[in-house]
Amino acid sequence: MAMRVLNASLLVAGVFSFILWLRQSIVVGPTSEEGKPSGANGPTSRLGWQAHSMNDLRLWPQLARKAPGPILSLKVDPHALDSRNESFLLTHDDPEDGVQYDTSDELLEAASSLLDSSSSLGLRIALCFKRIVEPCEGSAESEAWINAVDRLFAKATLVQDDYPNRLEFVLDGMAKPMDCLQDKWRPWVATWIPGDHSPEDALTSNNRTLGYDRYQVLNPSVGEAWQIAEKQNFGKFANGTYPVQLWEPDSQDEILQYADDFLGRFEESLHLDYAINIDPAMWTLFTSNAGIGSSTRKDGTQVAANSQESGSHRRSWDLALPLAAADDRDGGPLTGPSNASSIFVPLPENRFLVLFNSNNSNSSTSIHFALFAYKTVFGNVSKVLEGNIAVADEVVAALSGEGPNDFLVLTRSRLEVFEIGSSSLSRVSAWDLPPSTLHPLAARKLGKFLGNSGPDLALLVQPRGQSHLELRHLRADSDEGLLWTSPTLPGLFEASSNFTDFVLVPTSSEDPSSDGRVIVVAGNGTHMFGASSSPGQTTWSLLGPGRSVSLAASLWPAAGGAVSQKNAAEGESEGAAAAAFYTVALLNDGGYCYNSHKHNTRASPKVCDATPQPCQSVLDYTIGSVEDWEETLVQQNVGSSSNNNNNTSNNN
């Protein structure tokens, strides 16, 4: 996809107050005396990550935008030799015929391109050479392999010279300095992993004669290997210049367990990088309630930000979590009656409400509800209240209110306000919708939830018998009317109203009351489609796999003296002031996880060549400026809604 947006997939148990920490600039760290990249002592907070098996080089630019500090840390897997030029094919698993893998030569080009794009970025690349030969066996094959590494080392050293103190390579896998390789490819350092081509004594010794000084990056796996290193208080690495790397933890509980242990035991000068095969945005959410610089836990709904990182901002989005993303938690799935569709309502004080529309026509005037509470992001949830409430007809949308215990329900014919009590929900007010031929699909609050005369809402509607959509302004004390000239949008084809959401974005960031633009996303059960009120938008655009959708908009503030990522990508010089602009976030379940252990390590297809398929356990987010959303929606028109299941897109 051509969209210049930040996209990631989260293999989820749930995100309820969806908060992202987005970077507007990258801060330059101090240059080290050893010639390692700036900030070689680790990220500016004590927790960071190394992205594993980044062998599809098209993944690198978006990873740089998610880097937790001034260094982007990656691992690639040089495998078999490319017969064309003696470079290495980049693949974790054994290569397959017919796949055009990226190569180690192309890796150097990608590194140069990435470093050229930002003068404040440092790059550390771990080269995990796969076992295709025993390097020191003295065979013709081993000699050819060593010669190929020599060639890579020579070419990489020239590239390093072009970027002083900004590019570093770390030896891993079969290229570690063991036996005949003890002094090969100095001054590159190597990882130390218990039992993996790593001399036991190198945990505590830097004996140069034996080559132990080459082992400078502690990289144990979770479990026994970590415990071996920990019993020695991490040996020499506790006073080293590199972060400790924890090899491939998976679950949030596991990640937080190691964070608490590490931060509580070791000095603040020592940093921890998680060597991950998950999207870094997922890691950011997983670690959002881990203490930075101490073992103190922060509120689970906040992503920790370091005060040294000027230009970094926490962004809070009012996004509703699709119910499927909350299933399969401890205590059982969060399901309601069979054959029911769900509407999710985020509430203050770490709570959320789920309303279940029954597909049984005999139960159209009564819906089931369940109120849940949670303590931390991705933590266990508990059911607080459950029951049934009477409504006029099918619920189209539900919105949180001004107070912590009230919410509004929009049905096809009425607006109703309910209050959450200690043992039940009670209706406090209701208004009939003005008679019309409009079919309401979704709603947004415009002013106060309850003014002197009632709710003030923008409604996305579809005139009955018509194919287009309209935006209408509805106040409870007046007939339906237009807030501004109603934008006519493409028809909704066969999407359920439960899968539709929209945002209103002012035209001017300096005048929030200015006439707005509309962005709409609808899901048909397997895929998502977008439309907008921008000129040239005549039909729906395929966005990718997805079911339930939630949209939110936020004003990205101007960063005085710091160029934004967006402006930098478009060629503005560093130091230029970045103007404020509106961004739009999309959250959906039923998405596709590009960046995962399985997809990163398999031989084919390459990550960015995969055809995305809907996956119930994947929660996706996509973020971009309004202008980029609109440009993409115009460019990606599918032409006909009948194509909805045969089009895919690549969000890398």
Side-chain angles (χ1 to χ4, degrees), residues 50-60 63 74-111 125-153 155-156 169-181 184-185 190-191 193 195-198 219 221-222 225 245 247-248 250 275-279 592-613 650 652:
Q50 177 199 55
H52 264 204
S53 296
M54 293 293 103
N55 300 310
D56 191 328
L57 301 177
R58 290 169 291 183
L59 290 167
W60 287 21
L63 287 173
L74 307 171
K75 182 180 79 72
V76 296
D77 304 298
H79 203 294
L81 291 177
D82 187 342
S83 59
R84 298 171 298 176
N85 57 13
E86 295 183 339
S87 62
F88 289 91
L89 302 178
L90 302 181
T91 173
H92 181 280
D93 291 354
D94 293 341
E96 297 178 358
D97 293 338
V99 180
Q100 188 174 347
Y101 297 102
D102 292 331
T103 68
S104 52
D105 283 356
E106 291 168 329
L107 177 151
L108 299 179
E109 296 172 3
I125 304 172
L127 303 170
C128 188
F129 289 86
K130 298 308 171 189
R131 185 190 294 272
I132 61 172
V133 67
E134 292 296 335
C136 298
E137 66 183 9
S139 65
E141 290 79 8
S142 63
E143 182 178 355
W145 185 88
I146 290 176
N147 289 339
V149 182
D150 285 341
R151 175 182 177 275
L152 172 59
F153 175 77
K155 297 190 70 172
F169 295 92
V170 176
L171 297 171
D172 199 354
M174 299 303 295
K176 290 184 182 181
M178 289 280 285
D179 302 326
C180 67
L181 306 182
K184 294 286 290 183
W185 313 307
T191 60
I193 303 172
D196 181 49
H197 303 89
S198 303
N219 191 191
S221 59
V222 297
Q245 289 180 176
W247 185 12
E248 294 186 345
D250 292 323
I276 55 174
N277 256 310
I278 58 177
D279 194 279
Y592 177 78
C593 185
Y594 284 91
N595 194 346
S596 67
H597 187 280
K598 176 182 178 181
H599 297 160
N600 292 343
T601 59
R602 65 187 179 186
S604 68
K606 292 167 63 177
V607 173
C608 293
D609 291 334
T611 299
Q613 300 294 329
N650 191 320
N652 289 303

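Side-chain rings of Phe169 and Phe153 stay apart, their centers remaining 6.0 Å or farther from each other.
Interatomic distance, CZ of Arg58 versus CG of Asp609, reported as 4.0 Å (0.5 Å rounding). Separating the CE atom in Met178 from the CG atom in Leu171 is a distance of 13.5 Å, to the nearest 0.5 Å. Separating the CG atom in Asn219 from the CD atom in Gln50 is a distance of 6.5 Å, to the nearest 0.5 Å. Interatomic distance, OG1 of Thr103 versus CG of Leu89, reported as 7.5 Å (0.5 Å rounding). Distance check, rounded to the nearest 0.5 Å: NZ of Lys176 to SG of Cys128 gives 8.0 Å. Here the CG atom belonging to Asp56 is positioned 10.5 Å from the OG1 atom belonging to Thr91, to the nearest 0.5 angstrom.
Note on ring orientation: taking the six-membered ring where Trp is involved, the planes of Phe129 and Phe88 are perpendicular (angle over 60°, cut-offs 30° and 60°).
Contact detail for Ser53 and Thr601: the closest heavy-atom pair is OG-CG2, 3.8 Å. Between Ile132 and Ala80 the shortest heavy-atom distance is CD1-CA, 3.9 Å. For Ser198 against Thr191, the heavy-atom pair with the smallest separation is OG-O, 3.8 Å. Listed here is the closest heavy atom pair of Leu57 and Ala110: CD1-CB, 4.1 Å. Heavy-atom minimum distance, Asp179 versus Cys136: CB-SG, 3.9 Å. Residues His79 and Asp94 share a closest heavy-atom pair of NE2-OD1, 3.1 Å.
Not counting sequence neighbours, the partners of Asp77 by the salt bridge (charged side-chain N to carboxylate O under 4.0 Å, His left out) test are Lys75, Lys130. With sequence neighbours excluded, the residues forming a salt bridge (charged side-chain N to carboxylate O under 4.0 Å, His left out) with Asp105 are Arg151, Lys155, listed by chain and number.
Formation of a donor-acceptor pair under 3.5 Å by the Lys184 side chain with backbone atoms of Ala175 is not found in this model. In terms of modelled atom types and a separation under 3.5 Å, the side chain of Tyr101 and the main chain of Glu96 share a donor-acceptor contact. With hydrogens and angles ignored, the 3.5 Å screen pairs no side-chain donor or acceptor of Trp60 with any backbone N or O of Leu107. Looking at His599, its side chain does come within 3.5 Å of a backbone N or O of Cys593 through a donor-acceptor pair.
Between Lys606 and Asp102 there is a salt bridge, with a side-chain nitrogen of the basic residue lying less than 4.0 Å from a carboxylate oxygen of the acidic one.
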**Request:** Could you give me the CA-CA distance, side-chain angles and deciding distance for Glu137 and Trp145, then say whether side-chain contact (heavy atoms from CB on, under 4.5 Å) is met?
**Result:** CA-CA 11 Å; Glu137 66 183 9; Trp145 185 88; over 6 Å; no
**Message:** Run Glu141 and Glu134 through side-chain contact (heavy atoms from CB on, under 4.5 Å) and show every step you take.
**Reply:** CA-CA 9 Å; Glu141 290 79 8; Glu134 292 296 335; over 6 Å; no
**Request:** Assess whether side-chain contact (heavy atoms from CB on, under 4.5 Å) is satisfied between Met54 and Asn595, documenting all intermediate values.
**Result:** CA-CA 9 Å; Met54 293 293 103; Asn595 194 346; 3.7 Å; yes
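More than 12 non-hydrogen atoms from other residues, nucleotides or ligands lie less than 6.0 angstrom from CH2 of Trp185.
For the pair Tyr594/Cys608, no side-chain contact is recorded, criterion being any heavy-atom separation below 4.5 Å from C-beta on.
Partner of Ser87 under the side-chain contact (heavy atoms from CB on, under 4.5 Å) criterion, out of Leu152, Leu81, Asp82: Asp82 alone.
No donor-acceptor contact under 3.5 angstrom links the side chains of Asn600 and Asn55, judged on distance only.
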